[in-house]
Participant: 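Before we start, here is the structure in question, set down as structure tokens.
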Amino acid sequence: MAMSANPATAAKCLRFNAGFTQADRDWIVAQFATLDARLATFDADATDLELSVKDREAKGQRVTLECRIAGWPKIVTTSSEEDLRAALNDVRDDLRRKLNDAKTRQEPRNNKHLRVNTPPGQAETPTDDLTGVGTTTDER
């Protein structure tokens, strides 16, 4: 998929839910910037990242990052790392991994025309064989 005219970025698509405030925004967006290359193939208007934390800074802290991209199943990553930055790295890296996996799974379907161009090289051989079979039958 080509770069979108309005590429999704962490800065454009990240929304805070429970446990985070706008004061957290700059440093979290900076920490999530490594997602931008992966997100850039999606349109910002069709992409939503929602970050929340339960029991922030407490023993049982749980960070959740939900990613919704139009036409894709929702991707949810969570971390129970006690250090907030470590937990954010955790959900970020996990999301990147899941997006890569999902992208790989989607590619053959989305780039059907690209995939079809590769097999005809292989498909030509059976076609030639069939032509050959037909010729052999005619010669009999």
Side-chain angles (χ1 to χ4, degrees):
M1 194 166 161
M3 284 286 251
S4 160
N6 180 20
T9 61
K12 283 185 203 169
C13 303
L14 187 62
R15 289 188 305 111
F16 290 148
N17 208 326
F20 289 107
T21 67
Q22 284 309 111
D24 294 313
R25 187 164 185 85
D26 291 346
W27 70 268
I28 292 176
V29 163
Q31 201 165 342
F32 278 22
T34 57
L35 282 172
D36 290 355
R38 170 41 69 226
L39 292 171
T41 54
F42 305 107
D43 192 87
D45 296 329
T47 307
D48 179 53
L49 299 173
E50 185 181 295
L51 187 66
S52 59
V53 61
K54 213 174 149 175
D55 303 323
R56 180 169 175 169
E57 310 286 344
K59 260 267 185 255
Q61 156 175 290
R62 188 166 182 81
V63 172
T64 303
L65 178 61
E66 293 185 21
C67 175
R68 291 180 195 80
I69 298 170
W72 286 54
K74 179 169 82 169
I75 299 172
V76 180
T77 61
T78 59
S79 175
S80 4
E81 285 280 345
E82 279 180 41
D83 178 70
L84 188 59
R85 283 180 189 266
L88 289 168
N89 284 341
D90 219 11
V91 294
R92 176 199 66 198
D93 295 346
D94 203 21
L95 176 61
R96 190 172 46 225
R97 229 181 348 268
K98 288 182 178 183
L99 283 171
N100 285 339
D101 293 349
K103 197 89 180 144
T104 308
R105 274 200 305 277
Q106 288 232 330
E107 235 142 44
R109 199 176 57 202
N110 285 351
N111 295 344
K112 203 176 279 166
H113 59 283
L114 295 177
R115 296 295 178 268
V116 174
N117 288 349
T118 324
Q122 297 147 354
E124 276 169 37
T125 320
T127 313
D128 294 344
D129 290 352
L130 289 176
T131 314
V133 171
T135 314
T136 315
T137 315
D138 289 347
E139 283 173 349
R140 272 194 211 142

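Scope of the values below: all heavy atoms of this structure, side chains included, with no hydrogens, waters or symmetry mates.
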Participant: Inspect the contact between Lys98 and Asp101 and indicate whether a charged nitrogen and a carboxylate oxygen are less than 4.0 angstrom apart.
Facilitator: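 Judged by the 4.0 Å cut-off on N to carboxylate O distance, Asp101 and Lys98 do not form a salt bridge.
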
Participant: Just how far is it from atom CG of Asn100 to atom CZ of Arg38, taken to the nearest 0.5 Å?
Facilitator: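 It comes to 4.5 Å.
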
Participant: Would a single hydrophobic cluster contain both Val29 and Leu84, if residues Ile, Leu, Val, Met, Phe, Trp and Tyr are joined by side-chain heavy-atom contacts under 4.5 Å?
Facilitator: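 Both belong to a single hydrophobic cluster.
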
Participant: Residues two or more places apart in sequence or in another chain: which of them pass side-chain hydrogen bond (donor to acceptor under 3.5 Å, both in side chains) with Arg15?
Facilitator: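 Counting only residues at least two positions away or on another chain, Arg15 forms a side-chain hydrogen bond (donor to acceptor under 3.5 Å, both in side chains) with Asp48, Glu50.
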
Participant: Nearest 0.5 Å, please: how far is CG in Asp83 from CG in Leu88?
Facilitator: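 CG of Asp83 is found 8.5 Å from CG of Leu88.
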
Participant: Report yes if some heavy atom in the side chain of Leu99 is under 4.5 Å from a heavy atom in the side chain of Ile69; otherwise report no.
Facilitator: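 Leu99 vs Ile69: side chains touch.
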
Participant: Does the side chain of Asp90 come under 3.5 Å of the side chain of Ser79 through a donor N or O and an acceptor N or O?
Facilitator: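 Looking only at side-chain atoms, Ser79 and Asp90 do form a donor-acceptor pair, the distance falling under 3.5 Å.
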
Participant: Can you check whether Arg56 reaches Phe20 side chain to side chain, under 4.5 Å on heavy atoms?
Facilitator: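 When only atoms from C-beta onward are counted, Phe20 and Arg56 do touch, with a gap below 4.5 Å.
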
Participant: CG of Asp24 to CZ of Phe16: how many Å apart, nearest 0.5 Å?
Facilitator: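 Answer rounded to 0.5 Å: 6.0 Å.
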
Participant: Hey, does the side chain of Arg25 reach the backbone of Ala11 with a donor-acceptor pair shorter than 3.5 angstrom?
Facilitator: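 Side chain of Arg25 to backbone of Ala11: a pair is present.
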
Participant: At their closest point, which heavy atom of Cys67 faces which heavy atom of Leu95, and how far apart are they?
Facilitator: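 In terms of heavy atoms, the two residues are closest at CB-CD1, 3.6 Å.
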
Participant: Regarding Asn89 and Arg92, is there a side-chain donor-to-acceptor distance under 3.5 Å anywhere?
Facilitator: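 Side chains of Asn89 and Arg92: pair found under 3.5 Å.
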
Participant: What's the shortest heavy-atom distance between Thr47 and Asp43, and which atoms?
Facilitator: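 Thr47 and Asp43 have their closest heavy atoms at OG1-O, 2.7 Å.
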
Participant: Can you name the nearest heavy-atom pair linking Arg85 to Gln31, along with the distance?
Facilitator: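 Looks like O-NE2, 3.0 Å.
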
Participant: Specify the closest pair of heavy atoms between Gln61 and Ala87, including all atoms of both residues, with the distance to one decimal.
Facilitator: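 Minimum heavy-atom separation between Gln61 and Ala87: NE2-CB, 4.3 Å.
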
Participant: Taking atom CZ of Phe32 and atom CG of Leu39, what is their separation to the nearest 0.5 Å?
Facilitator: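 Result: 10.5 Å between the selected atoms.
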
Participant: Please name the pair of heavy atoms, one in Cys13 and one in Ala8, separated by the smallest distance, quoted to 0.1 Å.
Facilitator: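 In terms of heavy atoms, the two residues are closest at SG-CB, 3.7 Å.
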
Participant: I need the minimum non-hydrogen distance between Ala10 and Asp36, along with the two atoms involved.
Facilitator: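 Closest approach of Ala10 to Asp36, heavy atoms only: N-OD1, 2.8 Å.
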
Participant: Is there side-chain contact between Lys12 and Pro7, with heavy atoms separated by less than 4.5 Å?
Facilitator: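 SC-SC contact between Lys12 and Pro7 confirmed.
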
Participant: Under 4.5 Å between side-chain heavy atoms, counting indirect links through other Ile/Leu/Val/Met/Phe/Trp/Tyr residues: same cluster for Ile75 and Leu65 or not?
Facilitator: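 Yes: a chain of side-chain contacts under 4.5 Å links Ile75 to Leu65.
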
Participant: I need the Asp94 CG to Arg97 CZ distance, nearest 0.5 Å.
Facilitator: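 That separation rounds to 4.5 Å.
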
Participant: Is there a side-chain contact between Val63 and Glu81 in this structure, where contact means two heavy atoms from C-beta onward sitting under 4.5 Å apart?
Facilitator: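 The answer is no; the side chains never approach within 4.5 Å.
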
